[in-house]
Amino acid sequence: MAHSELLRYLGYSGQELTPQLEARIDAMEERCREVARPAFVSRAFGPETLPLELPGNDIAEHLRGAVEVLLVAVTLGLGVDRELRRLSLTDPLDQVLFDAAATWAVERETDRVEAQVRADAAKRGLYCSWRFSPGYGDLPLDVQPALLAVLNASRRLGITLTPSNLMVPTKSVTAIIGLHPTPQPGLASSCAVCSLSEFCALRTRGVRCR
């Protein structure tokens, strides 16, 4: 059966899946792997030297007590957008399935990056908060231009913005992670339920991130 997380992006709630539909989902997942070019960039700053303003109470609370602030951008590349446009003209169903596969893929890639961030932080005795993206809570999307500029994401990843601050390529993610001297609340309390467990270098060493 198609991966449960991919099905979630399709709005699946227990409906019967025919073998034909499962085959098409698998085909679109494979096609996404073929055209995607995952890449990321990150930069860390001290809280007092962060070169952009992060307005809002939610991000302030999220970063409270952090000794470093990590900015991250992740993308699957423009090949995914081109394939979405092609499928919109040739097969609307496959477009929907491919879009779900690509959304799942960029989340998995961001999970992989976050897992590496946590492993690197642990080597320095630091603990990460969960990733917080522009548009969450009261942190506005208006911070995207400054965040991407700090990361030089246009040159390094090819990410640009629409007039409404949506990213192109569309399957891209930006995030802000606080690095703290103590374990942070609000994270998965068990490796078994952690979305990062598949990529976690800490778990293989018998170390936990909280």
Side-chain angles (χ1 to χ4, degrees), residues 1-42 72-119 128 130-136 144 148 153 156-162 164 166-175 177 187-205 209:
M1 177 178 285
H3 194 281
S4 60
E5 284 299 302
L6 193 159
L7 292 175
R8 181 170 65 84
Y9 290 119
L10 287 168
Y12 176 74
S13 57
Q15 304 94 321
E16 182 180 358
L17 292 177
T18 66
Q20 293 81 4
L21 181 56
E22 284 200 47
R24 290 182 76 165
I25 293 172
D26 290 343
M28 290 302 100
E29 185 182 348
E30 177 60 29
R31 181 59 180 157
C32 182
R33 283 194 290 266
E34 291 173 356
V35 302
R37 298 293 182 269
F40 81 96
V41 63
S42 65
V72 181
V74 180
T75 187
L76 294 187
L78 280 171
V80 169
D81 284 32
R82 287 193 290 266
E83 184 68 3
L84 281 167
R85 286 194 295 271
R86 185 187 73 81
L87 290 172
S88 73
L89 300 173
T90 60
D91 195 316
L93 175 57
D94 277 353
Q95 182 199 19
V96 170
L97 300 179
F98 182 89
D99 183 70
T103 300
W104 178 50
V106 74
E107 287 296 323
R108 279 171 54 82
E109 181 63 14
T110 309
D111 285 346
R112 185 192 68 77
V113 170
E114 184 181 345
Q116 184 58 57
V117 167
R118 291 183 181 281
C128 294
W130 51 275
R131 60 183 187 254
F132 197 108
S133 292
Y136 287 4
Q144 289 282 44
L148 292 173
R156 299 183 67 180
L157 300 179
I159 298 177
T160 58
L161 291 170
T162 70
S164 55
L166 299 178
M167 287 183 285
V168 178
T170 56
K171 301 308 179 184
S172 302
V173 174
T174 54
I177 299 173
L187 299 176
S189 58
S190 167
C191 294
V193 298
C194 179
S195 63
L196 308 182
S197 60
E198 180 180 353
F199 310 103
C200 186
L202 296 176
R203 190 163 60 99
T204 60
R205 304 202 307 264
C209 66

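Just so you know, residue 1 is the first one in the sequence shown, and it goes up from there. Values in this document were obtained by computation on a predicted structure and should not be read as measured data. Note: hydrogens, waters and symmetry copies are ignored here, and every other heavy atom, side chains too, is used.
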Donor on one side chain, acceptor on other, T103 and K171, under 3.5 Å: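 Per modelled atom types, T103 and K171 side chains form a pair under 3.5 Å.
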
Side chains of [X] and [Y] in contact at under 4.5 Å (non-hydrogen atoms):
X	Y	result
M167	L148	yes
P38	V74	no
L87	V96	no
R37	L76	no
T170	V80	no
F98	V35	yes
L10	L97	yes
I177	R118	no

Backbone N/O of L84 and side chain of D99: donor-acceptor pair under 3.5 Å: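 The answer is no, because no donor-acceptor pair under 3.5 Å joins these two groups.
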
Any donor-acceptor pair under 3.5 Å from S133 side chain to T174 backbone: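 Confirmed, S133 side chain pairs with T174 backbone.
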
Worked verdict on L7 versus L17 for side chain to side chain contact (heavy atoms under 4.5 Å, CB included): CA-CA 10 Å; L7 292 175; L17 292 177; 4.0 Å; yes

What is the distance from atom [atom1] of [X] to atom [atom2] of [Y], rounded to the nearest 0.5 Å?
X	Y	atom1	atom2	result
E114	E107	CD	CD	10.0 Å
F40	L157	CZ	CG	9.5 Å
Q144	T160	CD	OG1	11.5 Å
L166	T162	CG	OG1	4.0 Å

Side chain to side chain contact (heavy atoms under 4.5 Å, CB included) between V72 and V173, worked out: CA-CA 8 Å; V72 181; V173 174; over 6 Å; no

Basic-acidic side-chain contact under 4.0 Å: R86, D94: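 Salt bridge between R86 and D94, a charged N being under 4.0 Å from a carboxylate O: no.
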
Please report the shortest heavy-atom distance between [X] and [Y], naming the atom on each side.
X	Y	value
C32	A102	SG-CA, 3.6 Å
Y9	W104	CE1-CA, 3.5 Å
P169	S172	O-OG, 2.7 Å

Salt bridge (charged side-chain N to carboxylate O under 4.0 Å, His left out) evaluation trace for R33 with E83: CA-CA 12 Å; R33 283 194 290 266; E83 184 68 3; over 6 Å; no

Chi angles and distances behind the salt bridge (charged side-chain N to carboxylate O under 4.0 Å, His left out) call for R131, D111: CA-CA 9 Å; R131 60 183 187 254; D111 285 346; 2.9 Å; yes

Evaluation steps, side chain to side chain contact (heavy atoms under 4.5 Å, CB included), between C128 and V117: CA-CA 8 Å; C128 294; V117 167; 3.8 Å; yes

